[in-house]
There are 2 protein chains.
Amino acid sequence: MTLKPHPNYTRGELVEVLRNHGINPTHQRIEIAYVLFSRCEHLSADQLLALVNDRNSETSKATVYNTLNLFLEKKLIREVIVDPSKVFYDPNTDVHHHFYDIDTGELTDIDAADIEVSGLPQLPEGVVTEGVDIIVRIRSEQAV
Amino acid sequence: MTLKPHPNYTRGELVEVLRNHGINPTHQRIEIAYVLFSRCEHLSADQLLALVNDRNSETSKATVYNTLNLFLEKKLIREVIVDPSKVFYDPNTDVHHHFYDIDTGELTDIDAADIEVSGLPQLPEGVVTEGVDIIVRIRSEQAV
DNA sequence: TAGCCGAATTAGACACAGTCCAAGTCTTGC
DNA sequence: GCAAGACTTGGACTGTGTCTAATTCGGCTA
């Protein structure tokens with residue numbers, strides 16, 4: 001079972017998914033998973049921290065970072081590196097790419113289904129691809 | 001005239017290129033341009049700071065950051081955002097892409113000449129592309 | 001050559017994302 | 001209930017990058 005972001009996960013569903021990914025489902029981890037998967041957005045660690053504490057119990061900064069890194073390691077989420085000042089976390093782990101609006105900082109998914117990249121050179125010997133990220137940087141026309 | 005990284009720029013050549021890009025060629029800016037363009041590498045701000053001060057006069061951190069941002073703005077260099085903790089600066093402003101080795105942090109150019117991306121969705125209304133970055137994340141096979 | 005003025009540079013304080021650590025608190029198995 | 005391990009926590013810490021106020025530089029005029 002793969003987790004897809006959508007508005008209303010039950011606690012039970014989240015617990016099951018965490019378990020399936022080899023993650024011990026603690027209160028804080030469930031809270032964080034809930035916030036991540038209940039909204040179809042790309043969140044930064046500090047946004048997440050604010051949202052989690054807004055909704056419920058006190059969760060510390062350290063735990064948020066620990067948990068995000070655990071989720072990353074277990075491939076429950078992806079990180080998106082487009083902004084030099086902070087990392088965004090993406091609950092959608094399907095292969096896909098991003099529009100990044102330079103002016104607003106907004107990040108939008110691009111479905112990878114129709115995209116084809118041709119002409120990539122061969123990889124060096126003994127090296128393996130971890131992933132291909134395509135970032136289309138955009139800006140509002142008048143804002144030049 | 002476009003600047004291409006290669007080992008031995010003369011001071012005069014650098015001064016000319018800075019002027020052509022609307023940049024007042026001061027000592028520090030020439031030093032920084034020299035270090036950037038004399039090596040075919042992607043450098044971070046702190047690496048650059050070390051190299052500049054190694055070679056010659058004292059240049060402050062603030063000046064290095066100011067100058068890099070000025071060079072960026074004047075399109076003399078590009079920034080490459082692949083590592084969450086720091087930005088790399090790329091003296092090659094031709095359209096091209098990157099291999100990023102997750103294990104070593106090494107960044108390698110991919111010539112864009114042969115690459116074609118098809119199937120990108122249409123841009124939203126009133127929005128304009130600033131650039132398309134493709135990052136192929138790689139790692140050494142045994143290191144998994 | 002002296003003197004002026006705007007531009008560039010500087011040191012150091014600061015902001016902020018993210019990590020580390022040692023102490024405390026839950027869980028779980030027995 | 002208890003012990004052991006796993007998880008969480010606050011707060012100190014690190015490193016990148018920015019800001020600011022003061023100084024210095026460089027080019028211009030006379």
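Within every chain, numbering begins at 1; the chains are lettered A, B, ... in the order of the sequence lines, protein sequences first and strands thereafter.
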Discussion item. Would you say B:Gln28 places a side-chain N or O within less than 4.0 Å of OP1 or OP2 belonging to C:dT10?
Written reply: yes
Worksheet item: Per the side chain to side chain contact (heavy atoms under 4.5 Å, CB included) rule, which among B:Ile77, B:Ile32, B:Val80 passes with B:Tyr89?
Response: B:Ile77
Discussion item. In this structure, how many angstroms lie between the P atom of D:dT8 and the CD1 atom of A:Ile23, rounded?
Written reply: 11 Å
Discussion item. Please report the distance, rounded to the nearest Å, between CD1 in A:Ile81 and C1' in C:dA17.
Written reply: 13 Å
Discussion item. Checking contacts here: which listed nucleotide (C:dT10, D:dG17, C:dG18) is nearest the side-chain heavy atoms of A:Val87?
Written reply: C:dG18
Discussion item. By nearest heavy atom, map B:Thr67 and B:Pro84 onto DNA chain C; which one lands nearer the 5' end?
Written reply: B:Thr67
Item to complete: Please figure out whether B:Ser60 or A:Ala62 has its closest DNA chain C nucleotide nearer the 5' end.
Response: B:Ser60
Item to complete: Measure the distance from CG on B:Asn69 to P on C:dT9 and round it to the nearest whole Å.
Response: 13 Å
Item to complete: Verify the contact: side-chain N or O of A:Asn24 to OP1 or OP2 of D:dC7, cut-off strictly under 4.0 Å; return yes or no.
Response: yes
Discussion item. Over 60° means perpendicular and under 30° means parallel, so tell me whether A:Phe88 and A:Tyr100 are parallel, tilted or perpendicular.
Written reply: tilted
Practice prompt. For B:Ser44, report the nucleic acid contact type (base, sugar-phosphate, nothing); a contact means any heavy atom under 4.0 Å.
Written response: nothing
Worksheet entry | Nucleotide nearest B:Asn66 when distance is taken to its side chain, options C:dT19, C:dT9, D:dG10 | C:dT9
Practice prompt. Would you mind classifying the nucleic acid contact of B:Thr63 as base, sugar-phosphate or nothing, using non-hydrogen atoms under 4.0 angstrom?
Written response: base
Fill in: Interatomic distance, B:Lys74 NZ vs C:dA8 C1' [rounded to whole Å]
15 Å
Worksheet item: So if you build clusters from Ile, Leu, Val, Met, Phe, Trp, Tyr with side-chain heavy-atom gaps below 4.5 Å, do A:Val132 and B:Val82 land together?
Response: no
Practice prompt. Would you mind reading off the distance between A:Gln47 atom CD and C:dA17 atom P, rounded to a whole angstrom?
Written response: 10 Å
Discussion item. What contact category does A:Asp83 fall into here, base, sugar-phosphate, or nothing, at under 4.0 angstrom with non-hydrogen atoms?
Written reply: nothing
Worksheet item: In whole Å, what is the span from the CG atom of A:Leu70 to the P atom of C:dT19?
Response: 13 Å
Practice prompt. Please state how far atom CG in B:Asn53 lies from atom P in C:dT9, giving the value in whole angstrom units.
Written response: 13 Å
Practice prompt. Ignoring the backbone of A:Asp46, work out which of D:dA6, C:dT9, C:dA17 is nearest its side chain.
Written response: C:dA17
Worksheet, complete the sentence: Closest of C:dT27, D:dT9, D:dA6 to the A:His27 side chain is C:dT27
Worksheet entry | Student check: side-chain heavy atoms of B:Leu68 and B:Leu36 closer than 4.5 Å | yes
Worksheet item: A:Thr26 side chain: which of D:dC7, D:dT16, C:dT10 is closest?
Response: D:dC7
Item to complete: Check the distance between D:dG17's P and B:Phe71's CZ and give it to me in whole angstrom.
Response: 17 Å
Worksheet item: From the list D:dT18, D:dT8, C:dA11, which nucleotide is the closest neighbour of the side chain of B:Tyr65?
Response: D:dT18
Worksheet item: Relative to the ring of A:Phe37, is the ring of A:Tyr9 parallel (under 30°), tilted (30 to 60°) or perpendicular (over 60°)?
Response: perpendicular
Practice prompt. Return the nearest nucleotide to the side chain of A:Arg29; candidates are D:dG11, C:dT9, D:dC7.
Written response: D:dC7
Worksheet item: Has the side chain of B:Lys61 got a donor or acceptor that lies under 3.5 Å from a partner of the other kind on the base of D:dG17?
Response: yes
Discussion item. Under 4.5 Å between side-chain heavy atoms, counting indirect links through other Ile/Leu/Val/Met/Phe/Trp/Tyr residues: same cluster for A:Phe71 and A:Ile30 or not?
Written reply: yes
